[in-house]
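Quick caveat: nothing in here was measured; it's all calculated off a predicted structure. FYI, side chains are in, hydrogens and waters are out, and symmetry mates aren't considered; it's all heavy atoms of this structure. Chain identifiers are assigned alphabetically (A, B, ...) following the order of the sequence lines, protein sequences preceding nucleic acid strands; residue numbering begins at 1 within each chain.
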2 protein chains.
Amino acid sequence: MKAATIRDVADRADVSVASVSRVLTGAGPVTETTRKKVMEAVDALQYVPHSGARSLSTSKTQTIGVILPDLYGEYFSELIRGMDVGARALGYHLIVSSSHDDAEEASAAIRSMRGRVDGLIVLSPHLDAANLATSLAGRLPILLMNGGADAGRPSIVVDNHGGAVQAVEHLIATGRRRIAHISGPTGNLEAESRLAGYLEAMARANLPTTVVEGAFTQASGHQVGAELAARSERPDAIFAGNDMMAVGAMLALQDAGLSVPEDVALVGFDDVPIAELVRPGLTTLRIRIADTGRSALERLVRLVDAAGAPADTACEVVRPELVVRPSSDPAAQARTTSGDRPRDSASLPHLKGENPQ
Amino acid sequence: MKAATIRDVADRADVSVASVSRVLTGAGPVTETTRKKVMEAVDALQYVPHSGARSLSTSKTQTIGVILPDLYGEYFSELIRGMDVGARALGYHLIVSSSHDDAEEASAAIRSMRGRVDGLIVLSPHLDAANLATSLAGRLPILLMNGGADAGRPSIVVDNHGGAVQAVEHLIATGRRRIAHISGPTGNLEAESRLAGYLEAMARANLPTTVVEGAFTQASGHQVGAELAARSERPDAIFAGNDMMAVGAMLALQDAGLSVPEDVALVGFDDVPIAELVRPGLTTLRIRIADTGRSALERLVRLVDAAGAPADTACEVVRPELVVRPSSDPAAQARTTSGDRPRDSASLPHLKGENPQ
DNA sequence: GTGTGTCATGTAATCGGTTACACGGAATTA
DNA sequence: TAATTCCGTGTAACCGATTACATGACACAC
């Protein structure tokens, strides 16, 4: 028993394939009678159009590809969740491919997706990867989210620089002076902007800087945190390049017998879900991650639909918002309970499942 | 400038389309000369085969669909990561579709994937959804991971019952007697097995049971935790149906001024990454989540390839392993630093990015 | 020189949809 | 009644791959 084709449906409904197609795609005129006959046949045969055949004649796949970097964790899974919500709302599918650290792997992933997707969202936070992507994509609409404010190509970036400045200014305002920075890896555009923001804010306040490089992973944050804790000139605050490193550093500081925020204040970046679950709750820069993912997807679909229209090459900027929790300000304690997290709108559809009993 | 087709390549290389196809698919004999000519033309034209056309003639898509439930969080993102690793290794793509809570949504998702994937992994933890899935899938190979030990259909399940028994026995062994259980939502098969395991182990030890239903979310765990903390007959241990609820409960207990594990011991289930990041580190039942995802994908691909062969209807069982951390045993303190987590093999490819500096 | 076998290559049918165009019947108008 | 629209329907070409089968070149043996 092979799967039914449009011809089987046509035979059974006693109409032509064209009519079946018209009913199913909603294009073109059909009488209510044929409509019914077709739908009956469709149900009876459990017919589902062959997407390959359809994509062959329409040259659309209704699928968006997402190229993710090597780094995983909550940031990216939240982002994908948001994209998935947007995709389903628009009738698109999502093909994901993660763990592409270097340009070569990313290029292989893009190649293997060409012809299979209508558009691409590339999250590799390296400049070369981005360049590679645009050149490889050919005529494929592509949306960059690699952290580089890249005019000339449609992209969405977080205001990493501005966020870092906010973080540092907050620490200064709460009386910290020896503020160290755990940066993300060299070559990562997000990491570099955050570092630049830190340096600028510190320079403006005339404070000495300390920078140690991490890898955006919790393990690297732990390592660097332990190292900083052991220094004779121990910092009284640490601004980590992202939340995962901040959490790692927090554990290292606590393991070293230091107390957060009394001995060392701590600020992260991203506001991943666990930021409020660690103790003390982590001060961080909130990016509405799922929302950002969703709007990225919607924008890319707009690009796909508008192929040929006046090129959208805008670089959309997402401004992170400082969320103060006890890791930098003990007074924030009371506010950090597990219910306080404002949900992204992208997660609203899920709330219904959340009232226990 | 339209995308190049196989005919453009054939013309340019001055060979027939058949030869081009033979070179590209690696099937059939070709001389080294034609091979070179074809490859040159392919490079020059930036040719990429149209996957729709290919799938039309081969009736394979090299794509696996994954249907996820409404619940998100680290458990599912880890699972997907593992699947992605496996998929890429086998030359497959992954289409994900999340947030399908009820049977209707899941059914829509499956329908929209038919004809677009070679096989399906269904994670909806409801019995009806599973039944629906198998009936909807038609001839599509399908792998269930819904928590029901379902002979007759290929599936992978966690030994939830056995895991729950281990958890309870561990708590009893460390001197706890008033052990409460925060269960997952009714109708969720995983939740029900874990509950059954709890009840059985408690009955065996002749201890009274307390069960409050949660929703597998951190928020619901918090709510139930607060409620339990306020009871006059406060439990001295809580076994939560999963880690997210355990974390929520932990925060609620701490907010109520209770100390974990001194006042109340806590055990979760799953061993999601944050389980060791909360303080105190959470005792839990480890499932090598990413590994499980990877092997699920590999098994499904085997099913796809072996279409027609003696049906594989085995129900593979994953046995969780008890990981004792300070939330149930203060003596475990020393062992819980951020470096102690044995990585799944599925995450090995990522390790290279993890040495800071 | 003819026959036979091998093997790279080309031709054309095929997969399952969409859609331009042709067609025919009913309704409207002269 | 005949001419003109209008509109639902069918026929067939097309999308871009794969692949069964036919072809023809060449080598080798007789």
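Sequence order on DNA chain D of the closest nucleotides to H50(B) and R22(B) puts H50(B) first from the 5' end. If V30(B) and V17(B) are placed on DNA chain C by their nearest nucleotide, the residue sitting closer to the 5' end is V30(B).
The side chain of S16(A) contributes an N or O atom lying less than 4.0 Å from OP1 or OP2 of dG10(D). Not one side-chain nitrogen or oxygen of T25(A) sits closer than 4.0 Å to the OP1 or OP2 atom of dT18(C). Look at T34(B) and you'll find a side-chain N or O under 4.0 angstrom from OP1 or OP2 of dT9(C). At dT9(D), one or more side-chain N or O atoms of T31(A) fall inside 4.0 Å of OP1 or OP2 (strictly under the cut-off). Using a 4.0 Å cut-off, some side-chain N or O of S21(A) falls inside it from OP1 or OP2 of dT18(C).
Distance from the side chain of L56(B) is smallest for dG16(D) among the nucleotides dA17(D), dG10(D), dG16(D). Of the candidate nucleotides dT19(C), dG17(C), dT9(D), dT9(D) has the atom lying nearest to any side-chain atom of P29(A). The nucleotide whose nearest atom lies closest to any side-chain atom of V15(A) is, among dG17(C), dG10(C), dG10(D), dG10(D).
Q62(A) has its CD atom 14 Å from the C1' atom of dT18(C), to the nearest Å. At whole-Å resolution of the value, CZ in R54(B) and C1' in dA17(D) are 8 Å apart. dA12(C) atom P lies 12 Å from atom CZ of R7(B), rounded to whole Å. I6(A) has its CD1 atom 14 Å from the C1' atom of dC15(C), to the nearest Å. Between D8(A) atom CG and dG16(C) atom P there is a gap of 8 Å when expressed in whole angstrom units. Distance D11(A) CG to dG16(C) P: 13 Å, rounded to the nearest Å. If you take CG of L24(B) and P of dG16(D), they are 16 Å apart, rounded to a whole angstrom. Between the P atom of dT18(C) and the NZ atom of K60(A) lies a distance of 14 Å, rounded to the nearest Å.
Taking the side chain as every heavy atom from C-beta outward, L56(A) and H50(B) approach each other to under 4.5 Å. By the 4.5 Å heavy-atom criterion applied to side chains, I289(B) and F76(B) are not counted as neighbours.
Of the charged side-chain nitrogens involved, none lies within less than 4.0 Å of a carboxylate oxygen, so that D8(B) and R12(B) do not count as a salt-bridged pair. Salt-bridge annotation for E298(A) and R294(A): present, with a side-chain N of the basic residue lying under 4.0 Å from a carboxylate O of the acidic one.
Under the side-chain contact (heavy atoms from CB on, under 4.5 Å) test applied with I80(A), the options V85(A), V96(A), L123(A) reduce to a single match, V96(A).
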